[in-house]
2 protein chains.
Amino acid sequence: MDQPCRSACPIACTLDLVGDRWTLIVVRDMMFFGKERFEEFLASPEEISTNILTSRLRQLEAAGLVERKLYSTRPRRTSYHLTETGKSLRPVLKTIAVWGLRHLEQTRTPEQF
Amino acid sequence: MDQPCRSACPIACTLDLVGDRWTLIVVRDMMFFGKERFEEFLASPEEISTNILTSRLRQLEAAGLVERKLYSTRPRRTSYHLTETGKSLRPVLKTIAVWGLRHLEQTRTPEQF
DNA sequence: CGGGATCCGTCTTGATACTG
DNA sequence: CAGTATCAAGACGGATCCCG
């Protein structure tokens, strides 16, 4: 998540960007749940903490996947939106979700969902 | 990477399993490069360290994505193979690789690859 | 020599409290 | 509401050691 790229492998480079426990959760919230504001991301069931959320939003912004907009100065209100590059992650999220559903079907009972 | 599941979301659950800097690198090495042995994983350009590799292989084994086989006792030789569940991650890896290639095309010059 | 385990120092993550 | 400050806990990396 820090250096641009560990290696020339596109998988490794992608993981450098989004390969951690939280980044794709935030992207998911924007992409599938239409969340835009700091408070909304905090409200997700995974319970990201404020400093981690801040750092992930900054990284996503730096990587050009997310744009920040101040839409009110007093009170200060910020909103976050996926850029076109950010939106292009949709197939990745979708594939992960599909895999998760399949895999979890086998290891957990349906009532847990 | 620790608890079974942070939430009922299949994306979050998948990330709990493989959402870190190293796990999918190891899976990639098995899936696309046919690597099987501890030493081979260490030789990848991303340079995973021995303790991290050990812990990731254990986690993958515990999750049922990888099987360990001792194919020689003296000298002791261990090999690691993807189970069917592990192999089912192929579309995930592939989608990530495709996204990486596209995204990196725009942000880096071709000579870097 | 292959396949780790262990120790240690550093960097990162995350929970909580606090601020503009 | 949208963060920042602080600090403990854990992840990571390197080196070394161990064991068959």
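In what follows, every chain begins at residue 1, and chains take the letters A, B, ... in the order their sequences are listed.
- For B/Arg56 and C/dG4, the CZ to P distance is 15 Å, given to the nearest whole Å.
- In this structure, B/Leu53 and B/Trp22 have side chains that are not in contact, with every pair of non-hydrogen atoms separated by 4.5 Å or more.
- Remark on DNA chain C: of its neighbouring residues B/Arg77 and B/Thr54, the 5'-side contact belongs to B/Arg77, judged by nearest-heavy-atom nucleotide.
- Between A/Arg76 atom CZ and D/dG3 atom C1' the separation is 7 Å, expressed in whole Å.
- Taking a cutoff of 4.0 Å between a charged side-chain nitrogen and a carboxylate oxygen, A/Arg21 and B/Asp16 qualify as a salt bridge.
- Under the 3.5 Å distance criterion, with hydrogens and angles disregarded, a donor-acceptor pair is assigned to the side chains of B/Thr23 and B/Asp20.
- Atom CG in B/Leu53 sits about 15 Å away from atom C1' in D/dA11, given to the nearest Å.
- To the nearest angstrom, C1' of C/dG3 lies 15 Å from CD of B/Glu36.
- Atoms CZ (A/Arg21) and C1' (D/dG10) sit 12 Å apart, rounded to a whole Å.
- Straight-line distance from the NZ atom of B/Lys69 to the P atom of C/dG2: 22 Å, rounded to whole Å.
- We find that CZ of A/Arg68 is positioned 11 Å from P of D/dA2, with the value rounded to whole Å.
- Here B/Trp22 reaches the OP1 or OP2 of D/dG13: one of its side-chain N or O atoms lies under 4.0 Å away.
- Rounded to an integer number of Å, the gap from B/Leu57 CG to C/dG3 P is 11 Å.
- For DNA chain C, the residues of residues 38-52 of chain A within the heavy-atom distance limit of 4.0 Å (strictly under) are A/Ser49, A/Thr50, A/Asn51, A/Ile52, sorted by number.
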Subject >> B/Thr85 and A/His103: CA distance, side-chain angles, deciding distance, side chain to side chain contact (heavy atoms under 4.5 Å, CB included) verdict >> reply: CA-CA 7 Å; B/Thr85 309; A/His103 177 67; 3.2 Å; yes
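- One finds a side-chain N or O of A/Arg37 lying less than 4.0 angstrom from the OP1 or OP2 phosphate oxygen of D/dA2.
- Phosphate proximity of D/dG3 to A/Tyr80: present, with a side-chain N or O under 4.0 Å from OP1 or OP2.
- Checked by atom type, the side-chain pair B/Ser44/B/Lys35 shows a donor-acceptor distance below 3.5 Å.
- Ion pair A/Arg28/A/Glu46 flagged as a salt bridge, since at least one NZ, NE, NH1 or NH2 atom sits closer than 4.0 Å to an Asp/Glu carboxylate oxygen.
- Under a 3.5 Å cut-off, the side chain of B/Thr83 and the backbone N or O of B/Glu67 do not form any donor-acceptor pair.
- Close to C/dA5, at under 4.0 Å from its OP1 or OP2, lies a side-chain N or O of B/Arg58.
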